[in-house]
Amino acid sequence: MEFFRKENEEPSPEFVLSKDDITGDDDGLMKVKMSCGHATDPGVLSGWCRSLLDQGHLKFHCPANVDGNKCGEEWSYQEVRRNASLSETEQRNFEEKLAMFAAKFYHNFKECPNCKSFVERRDLKNLRVVCILCHSLKGETFEFCWQCLKPWKGTGAPSERCDNEGCKNQSLEVLANCKLKDLPGSEIKSCPSIRACPTCGRLIEHMEKCKYVNCPQCHVEFCFACLETARNCQASKSGAWFKFCAKSLAPRQAEIPVWSQK
Ligand SMILES: [Zn+2]
Ligand SMILES: [Zn+2]
Ligand SMILES: [Zn+2]
Ligand SMILES: [Zn+2]
Ligand SMILES: [Zn+2]
């Protein structure tokens, strides 16, 4: 089944003879063409994207000058990885940073149902959250429940229990009730069809051909069967895209993984 390797599904970079749209250099060398149409040197590209990451950006965009403005077109991480010809170490470095930012952001922030601004929750066990912006913008105290996003009802602060009717963790409900499926063409049977990403907690439905799935939120590729990162799963048993993992099939998840920095 080697020919099903995911790497083969990725298109190869397209090189064109052009000036460098990021630096403006015209050295007569080939440049890699990006999805927005601009072209640059792979080294320049990786340098630019690394500087974005270092400044805490989660997304990559094109800085090419278009009539005095930035092109601004977004590039996916997959596109950057391919066109910047990142080495294995650089990829790992990029992916760790992306994962860390995404996980931190999605775990600790939610949109306030009243003023729609992002509110940070410092205490991950506390469901009762006060929106600071509601207070400073409207002068009113607005508290809501982190889980059901309804105005807060209940006692105690901090509180792990909300008194709103039907308040439950939607994601856990989905995980508890999702269908089991046999992964197509695979030895893996009765696998939950929806998993929470082991790195950032985002729910993902299995749509791939093989057991490895790329999380759209934190970009970490993980194994749908054993829930290890694809890298670890492959390291313990290589070439097993459609076969059992070294570890056994992980049962339905009963909690959402919380990012931990190892
Ligand atoms: Zn561009
Ligand atoms: Zn608010
Ligand atoms: Zn609630
Ligand atoms: Zn993720
Ligand atoms: Zn696995």
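Just follow the structure's listing: the first ligand is 1, and inside any ligand the first atom is 1.
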Step by step, would you call H219 with Q78 a side-chain contact (heavy atoms from CB on, under 4.5 Å)?
-> CA-CA 9 Å; H219 306 288; Q78 281 75 9; 4.3 Å; yes

Test item: [X] side-chain N/O and [Y] main-chain N/O as donor-acceptor pair under 3.5 Å:
{"X": "R252", "Y": "A176", "result": "yes"}
{"X": "D20", "Y": "D41", "result": "yes"}
{"X": "D21", "Y": "A39", "result": "yes"}
{"X": "E14", "Y": "K33", "result": "no"}
{"X": "S46", "Y": "A84", "result": "no"}

Using the test side chain to side chain donor-acceptor pair (under 3.5 Å), find all partners of D163 that sit at least two apart in sequence or belong to another chain.
->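 Here the qualifying residues are R161.
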
Below 4.0 angstrom, N of the basic side chain to O of the carboxylate: do E90 and R50 qualify?
->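 A salt bridge is present here (some side-chain N lies under 4.0 Å from a carboxylate O).
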
When you look at NZ of K237, are more than 12 heavy atoms from neighbouring residues, nucleotides or ligands closer to it than 6.0 Å?
->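 Yes - once you tally the heavy atoms of other residues, nucleotides and ligands closer than 6.0 Å, there are more than 12.
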
In terms of heavy-atom contacts, does CG of L137 have more than 12 from other residues, nucleotides or ligands at under 6.0 Å?
->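 Atom CG in L137 is packed in, count exceeds 12.
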
What is the number of protein N/O/S atoms located under 2.8 Å from the Zn ion (ligand 4)?
->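 My tally for this metal is 4.
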
What is the number of protein N, O or S atoms that sit under 2.8 Å away from the Zn ion (ligand 3)?
->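 Protein heteroatoms (N, O, S) closer than 2.8 Å to the Zn ion (ligand 3) number 4.
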
Sum of protein N, O or S atoms, each under 2.8 Å from the Zn ion (ligand 5) |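 Count of protein N, O, S atoms less than 2.8 Å from the Zn ion (ligand 5): 4.
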
